[in-house]
**Q** 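Encoded as structure tokens, here's the structure I'll be asking about.
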Amino acid sequence: MNKNQAEKVLFDVLGNYKRLSNEILFYCPDCNHHKHKLSVNLDKNAFKCWVCDYRGRNIRRLIRRCGTYTQLKKWDEITNRIDYNKFENIFDEKEEKEEPQKLEIPEGFYSLCGKNKSRAAMKPYKYLLSRGLNDMDILRWKIGYCLEGEYRNRIVVPSFDDDGDVNYFVGRSFTGDSYKYKNPRASKNIVFNELFVDWDSDLILVEGVFDAIVAGNAVPVLGSTVRSDSRLIKKIVYHDTPVYLAFDQDAHKKENKVIRMLSRYDIELYKIDTSGYEDVGSMPKDIFDERKKSASFIDGDNYLLLNMLEAI
């Protein structure tokens, strides 16, 4: 890397700066603190704001988010990233635009969000408490239950799209039915609960809905194979969202596929250790938070790692 040219691009994108040892200090574009508190280290390819803790392990993320396409292309030239079109190709619309998927909440759905719960609500409510959920979780995820109809004796967790319309839901038995999950016959090519996803914060990808409830700002992939042209992948790439992977221990192939896909677009990737638990949903929230803090950074430029993943 030509550091003089790199500093010039950073100056064009972030404005004037100060130098401190091997770090360059800029005004933070996230918190707009009045002092130079955003530290950029070219040698480590990392940045961090010492006020709001806005950080990343890839300076390109700063350029992409704050700069122009020309500045991003210049940065790619300086850092020898030669394929400039990959980021754009994911948004090529070769097929007709699909209408947003809209579903009806199951017949006989009762909400568990209210304070005064009926006698009938106590069994599904206690089931959720036994899973480690609290009233705030139930309210945030708009969880309810059914006592009759196709989803009888099932917890129902609805998913809302950007417009606030229901586009999917998950039905989970709370009576010990051997057929634990019963979901609608509808496409899974959605972002579950997209209405509540914060794309500017760390996003955690997990297997199921109860995993996502524990994880926080999370999207469950619902056990499906994540495609490169899926709505979820497109949203992550568009917003350049840092991603933490917290899949089950037996989901190596799926995890590796997601790593390969997102590495192509220089998405900041981390892997959370989920060992010792059946899934994230069975993990206490404080333990999950600690494991997220110690998550392993996945270097997209580490070709040895990528080659190993390809071989799996």
Side-chain angles (χ1 to χ4, degrees), residues 127-133 137 140-141 143 154-159 168-174 176-184 187-194 196-197 201-228 230-233 235-236 241-263 267-298 300 305-306 308-312:
Y127 168 79
L128 292 176
L129 296 183
S130 73
R131 294 288 303 255
L133 276 67
D137 295 325
R140 178 174 183 263
W141 289 83
I143 301 175
R154 294 185 181 275
I155 296 291
V156 174
V157 186
S159 166
Y168 201 80
F169 59 83
V170 169
R172 201 328 180 159
S173 170
F174 60 82
D177 193 323
S178 58
Y179 188 31
K180 293 181 181 180
Y181 286 94
K182 184 178 180 61
N183 300 336
S187 172
K188 292 182 179 179
N189 187 19
I190 59 158
V191 177
F192 198 95
N193 252 352
E194 184 175 355
F196 304 107
V197 174
S201 298
D202 299 336
L203 181 68
I204 305 159
L205 298 190
V206 294
E207 293 278 342
V209 168
F210 286 95
D211 300 330
I213 293 172
V214 170
N217 188 45
V219 172
V221 299
L222 303 175
S224 62
T225 300
V226 183
R227 304 195 317 264
S228 60
S230 69
R231 182 174 178 82
L232 174 60
I233 297 297
K235 282 282 187 175
I236 290 171
T241 304
V243 171
Y244 285 71
L245 302 175
F247 291 152
D248 297 349
Q249 286 291 293
D250 59 357
H252 296 300
K253 289 186 178 180
K254 181 189 302 180
E255 182 178 74
N256 293 342
K257 183 177 180 180
V258 173
I259 290 172
R260 291 196 299 269
M261 281 190 297
L262 294 179
S263 293
I267 297 299
E268 193 173 326
L269 286 170
Y270 299 85
K271 176 180 169 61
I272 298 175
D273 177 18
T274 59
S275 62
Y277 292 88
E278 182 179 353
D279 50 35
V280 174
S282 61
M283 191 180 297
K285 291 185 180 182
D286 58 338
I287 292 179
F288 179 82
D289 291 341
E290 286 301 316
R291 292 199 178 187
K292 179 177 181 289
K293 290 178 183 177
S294 59
S296 303
F297 175 64
I298 301 173
L305 169 62
L306 294 180
M308 289 172 59
L309 295 177
E310 290 285 355
I312 294 176

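Residue indices begin at 1 and follow the sequence shown.
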**Q** After noting the C-alpha distance and the side-chain angles of D202 and K292, does the key distance pass the salt bridge (charged side-chain N to carboxylate O under 4.0 Å, His left out) rule?
**A** CA-CA 10 Å; D202 299 336; K292 179 177 181 289; 3.1 Å; yes
**Q** Do side-chain atoms of N256 reach the backbone of H252 as a donor and acceptor pair under 3.5 angstrom?
**A**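 Here the side-chain-to-backbone pair exists.
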**Q** Can a donor-acceptor pair be found, under 3.5 Å and without considering hydrogens, that links the side chain of S159 to the backbone of Y168?
**A**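 Not at all, since once roles are kept as given, no pair shorter than 3.5 Å links the two residues.
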**Q** Just verifying a value: how many Å separate M283 CE and E278 CD, rounded to the nearest 0.5 Å?
**A**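 It is 11.5 Å, given to the nearest 0.5 Å.
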**Q** What residues form a side chain to side chain contact (heavy atoms under 4.5 Å, CB included) with D248, not counting sequence neighbours?
**A**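 In terms of side chain to side chain contact (heavy atoms under 4.5 Å, CB included), with neighbours along the sequence ignored, D248 is linked to E207, D211, D250, D279.
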**Q** With side chains defined as the heavy atoms from C-beta onward, is the minimum distance between L222 and V170 less than 4.5 Å?
**A**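 Answer yes - side chains close enough.
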**Q** Quick one, I272 with F247, criterion side-chain contact (heavy atoms from CB on, under 4.5 Å). Give me CA distance, side-chain angles, the key distance, then yes/no.
**A** CA-CA 8 Å; I272 298 175; F247 291 152; over 6 Å; no
**Q** Kindly say whether W141 contributes a backbone atom to a donor-acceptor pair with the side chain of N193 at under 3.5 angstrom?
**A**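 No; judged by distance alone, with no hydrogens or angles, the pair does not exist.
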**Q** Quick one: CD1 on I236 to CZ on R231, what's the gap to the nearest 0.5 Å?
**A**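 With rounding to 0.5 Å, CD1 (I236) is 12.0 Å from CZ (R231).
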**Q** Between N189 and S187, which heavy-atom pair has the shortest distance, and what is it?
**A**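 Of all heavy-atom pairs spanning N189 and S187, the closest is N-OG, 3.0 Å.
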**Q** Can a donor-acceptor pair be found, under 3.5 Å and without considering hydrogens, that links the side chain of S263 to the backbone of R260?
**A**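 Checking the backbone N and O of R260 against the side chain of S263, no donor-acceptor pair under 3.5 Å is found.
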**Q** Which value, rounded to the nearest 0.5 Å, describes the distance between D137 atom CG and I143 atom CD1?
**A**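 The CG atom of D137 sits 7.0 Å away from the CD1 atom of I143.
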**Q** Under the criterion side-chain contact (heavy atoms from CB on, under 4.5 Å), I'd like the reasoning laid out for L245 against V258: C-alpha separation, chi angles, the key distance, then a yes or no.
**A** CA-CA 9 Å; L245 302 175; V258 173; 3.8 Å; yes
**Q** Can you confirm whether L262 sits close enough to I233 that some side-chain heavy atom of one is under 4.5 Å from a side-chain heavy atom of the other?
**A**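 Result yes, sub-4.5 Å side-chain heavy-atom pair found.
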**Q** Roughly how far, to the nearest 0.5 Å, is NZ of K188 from CG of N183?
**A**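 Between N183 CG and K188 NZ, I get 6.0 Å after rounding to 0.5 Å.
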**Q** Give the minimum heavy-atom separation between A246 and V280, together with the two atoms involved.
**A**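 In this case the closest contact between A246 and V280 is O-CG2, 3.4 Å.
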**Q** Within the 4.5 Å heavy-atom criterion, are L128 and F174 side-chain neighbours or not?
**A**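 The answer is no, as the side chains (C-beta and beyond) never meet within the 4.5 Å cut-off.
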**Q** Between atom CZ of F169 and atom CZ of R154, what is the distance when rounded to the nearest 0.5 Å?
**A**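 The CZ atom of R154 is 11.0 Å from CZ of F169, to the nearest 0.5 Å.
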**Q** Taking C-beta and beyond as the side chain, do L269 and F297 meet within less than 4.5 Å on heavy atoms?
**A**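 When only atoms from C-beta onward are counted, F297 and L269 do not touch, as no gap falls below 4.5 Å.
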**Q** Considering only heavy atoms from C-beta outward, does the side chain of Y277 approach that of I287 to under 4.5 Å?
**A**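 They are in contact (side-chain heavy atoms under 4.5 Å apart), so the answer is yes.
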**Q** To the nearest 0.5 Å, how far apart are NZ in K257 and CE in M261?
**A**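 Here the rounded value is 5.5 Å.
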**Q** Okay, side chain of R291, backbone of S275: is any donor-acceptor separation there less than 3.5 Å?
**A**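 Between the backbone of S275 and the side chain of R291 there is a qualifying donor-acceptor contact (under 3.5 Å).
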**Q** Just wondering, do L205 and V226 contact through their side chains at under 4.5 Å, heavy atoms?
**A**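 Not in contact.
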**Q** Decide yes or no for V197 and K235: does some side-chain heavy atom of the first lie under 4.5 Å from some side-chain heavy atom of the second?
**A**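 Answer no - side chains too far apart.
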**Q** State, yes or no, whether a side-chain contact exists between V221 and K254 at a heavy-atom distance under 4.5 Å.
**A**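 Yes; the side chains approach each other to less than 4.5 Å.
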**Q** Check whether any side-chain N or O of K285 sits under 3.5 Å from a backbone N or O of A215 as a donor-acceptor pair, and report yes or no.
**A**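 Not a single qualifying donor-acceptor pair exists.
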**Q** What class does the angle between the rings of Y244 and Y270 fall in, given that below 30° is parallel, 30 to 60° is tilted and above 60° is perpendicular?
**A**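 Correct class here is parallel.
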**Q** Please answer whether the main-chain N or O of L203 pairs with a side-chain N or O of T241 as donor and acceptor at a distance below 3.5 Å.
**A**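 No, T241 side chain to L203 backbone: no donor-acceptor pair under 3.5 Å.
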**Q** So which atom in A212 and which in P220 form the shortest heavy-atom distance, rounded to 0.1 Å?
**A**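 Minimum heavy-atom contact is CB-CD, 3.9 Å.
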